[in-house]
Amino acid sequence: MSEPEVIMEALHVCKSYPASDGRWLRANEDVSLQLVKGKTLGLVGESGCGKSTFMRFLVALDQPDSGKILYRGQDITALRGETLRQTRRHIQMVFQDPGASFNPKMKVRDIVCEPLLNFGLITPKEKAAVCRSLLEMVELPGDFADRYPHSMSGGQRQRVAIARALALQPEILILDEATAALDVSVQKNIIELIVKLQRERGLTIGFICHDIALVQSVAHQVAVMYLGRVVEVLPGENLRSEARHPYTRALIDAVLDLDTDPRKPVTVIDSEPPSPLDIPAGCPFRDRCGQCFEKCAREKPEMRWLSKEHGVACHLVSEEG
Ligand code: ADP
Ligand code: MG
């Protein structure tokens with residue numbers, strides 16, 4: 001098997017936002033992650049843990065305070081002007097609510113062709129034919145070209161958003177809670193479409209989602225975030241059997257094991273995470289962890305690699321080996 005080709009890499013990314021009382025909110029702390037060509041990286045964690053903050057750096061919509069975002073070896077946080085614009089072509093994003101990001105007065109034809117016109121890649125005359133093939137790609141009928149965003153369902157709008165994002169034939173597609181607002185059956189169809197498009201085009205995907213079961217079903221590699229830090233990284237297919245961090249285990253037990261083995265004790269975290277303004281010293285998860293011991297209050301656990309693909313930031317795991 002050939003070595004995985006890392007096409008995008010975040011190195012020690014940090015970001016804080018000023019809070020109203022003069023304190024700083026740490027939204028990302030020392031985040032290092034990799035996107036491998038043709039594969040999906042899933043990013044999971046409770047609301048507010050810093051997922052969207054991080055993904056905005058990958059599409060250069062925002063910049064970290066420190067750290068690097070490398071795309072094919074080049075630090076995109078340093079890019080400006082036309083070079084930045086050209087790089088953005090290769091990294092596109094789909095948001096949770098495309099209804100909110102579409103101009104309600106634009107027809108689907110104009111929505112999906114806009115990026116191509118902006119980059120001068122097609123002429124207005126070519127719009128009809130290009131739109132037809134983009135709609136076909138996302139399995140929508142050709143006559144949707146004449147529709148407005150409000151006359152489509154959530155699932156159809158999300159297909160249009162995917163068509164628009166893929167119009168420029170990007171190498172990387174970032175989906176931020178892109179299926180979160182949809183019914184379960186529609187969600188399933190969109191996921192199937194994304195997987196199919198990935199297979200056909202060798203797309204590299206960043207898939208952000210608060211639902212660990214869904215992430216596990218699509219992601220080759222899963223990164224679990226807690227209060228701005230990555231606490232565990234591991235292959236999606238081994239998530240259930242090999243996850244070691246007590247936070248990952250709690251997320252898994254809460255959603256995956258309930259209907260499979262009713263005799264198994266379930267460790268569900270019923271508490272709220274601490275405020276990101278008040279992250280405890282030592283391990284950020286220790287207040288909610290049933291297994292914490294003295295060292296956890298003292299020292300912040302560093303990421304320890306159990307294998308090339310599996311890293312855990314937890315003192316328990318480090319002590320057990
Ligand atoms: P997630 O996507 O995981 O729900 P976010 O990345 O959106 O989390 O947010 C992480 C933390 O940073 C949250 O506490 C959020 O309130 C805060 N945050 C995000 N963006 C800003 C901003 N522009 N200004 C101030 N705080 C922000
Ligand atoms: Mg978010």
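The figures here come from the full heavy-atom set of this structure, side chains too, leaving out hydrogens, waters and symmetry mates. As the structure lists them, so they are numbered: ligands from 1, and atoms in each ligand from 1.
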Run the contact test for His210 against ligand 1 with a 4.0 Å cut-off on heavy atoms, strictly below, and give the result.
no

Salt bridge (charged side-chain N to carboxylate O under 4.0 Å, His left out) contacts touching residues 164-178 (sequence neighbours left out)
Lys37-Glu171, Arg72-Glu171, Glu114-Arg164

Shell check on the Mg ion (ligand 2): protein N, O or S atoms less than 2.8 Å away are Ser52 OG

Pairing of Arg288 and Glu46 as salt bridge, 4.0 angstrom limit
yes

Charged N to carboxylate O under 4.0 angstrom, Asp146 versus Arg109?
yes

Just heavy atoms, cut-off under 4.0 Å: does Ser52 contact ligand 1 by side chain, backbone, both, or neither?
both

Would you mind reporting whether Leu33 and Leu43 have side-chain heavy atoms less than 4.5 Å apart?
yes

At what distance is the nearest protein heavy atom to atom 17 (C) of ligand 1, and which residue and atom is it?
Leu25 CD2, 3.8 Å

For atom 23 (N) of ligand 1, find the nearest protein heavy atom and state the residue, atom name and distance (0.1 Å precision).
Tyr17 CE2, 3.6 Å

Give the cluster check for Val222 versus Val195: same hydrophobic cluster or not, with ILVMFWY residues linked at side-chain heavy-atom distances below 4.5 Å.
yes

Protein heavy atom under 4.0 Å of atom 27 (C) of ligand 1
yes

Passing option when Pro115 is tested against Leu121, Ile122, Leu168 for side chain to side chain contact (heavy atoms under 4.5 Å, CB included):
Leu168

Which atoms of ligand 1 have any heavy atom of Ser47 under 4.0 Å away?
4 (O)

Glu299 side chain to Gly282 backbone, donor-acceptor under 3.5 Å
no

Nearest non-hydrogen protein atom, atom 5 (P) of ligand 1:
Thr53 OG1, 3.6 Å

With heavy atoms and a 4.0 Å threshold, my read on which part of Gln96 contacts ligand 1 is neither

Would you say atom 7 (O) of ligand 1 has a protein heavy atom nearer than 4.0 Å?
yes

Please determine if Glu136 and Arg132 form a salt bridge, counting it only when a charged side-chain N lies under 4.0 Å from a carboxylate O.
no

May I ask whether Gly45 has any heavy atom positioned less than 4.0 angstrom from an atom of ligand 1?
no

Proximal ligand 1 atoms for Arg56, defined as those under 4.0 Å from one of its heavy atoms:
20 (N)

Chi angles and distances behind the salt bridge (charged side-chain N to carboxylate O under 4.0 Å, His left out) call for Glu294, Arg298:
CA-CA 7 Å; Glu294 178 266 330; Arg298 229 180 335 113; 2.7 Å; yes

When you look for heavy atoms under 4.0 Å from ligand 1, do you find them on the side chain of Ile208, its backbone, both, or neither?
neither

Is it true that Lys295 and Glu319 have a side-chain N and a carboxylate O under 4.0 angstrom from each other?
yes

Without swapping roles, check the side chain of Glu29 against the backbone of Val230 for a donor-acceptor pair under 3.5 Å.
no

Are the side chains of Ile252 and Leu239 in touch, meaning some heavy atoms are under 4.5 Å apart?
yes

Pairs of nitrogen or oxygen atoms closer than 3.5 Å, one from Gly50 and one from ligand 1: do any exist?
yes

What about Ala27: any of its N or O atoms under 3.5 Å from an N or O on ligand 1?
no

To check your reading of the model: name the closest protein heavy atom to atom 10 (C) of ligand 1, its residue, and the distance in Å.
Gly48 O, 3.3 Å

Nitrogen or oxygen of Cys49 less than 3.5 angstrom from that of ligand 1:
yes

When you measure from the side chain of His220 to the backbone of Lys39, do you find a donor-acceptor pair of N or O atoms at a distance under 3.5 Å?
no

Looking only at protein heavy atoms, what sits closest to atom 14 (O) of ligand 1 is Pro276 CG, 3.5 Å

Under 3.5 Å, side chain of Arg229 to main-chain N/O of Asp30, donor-acceptor pair present?
no

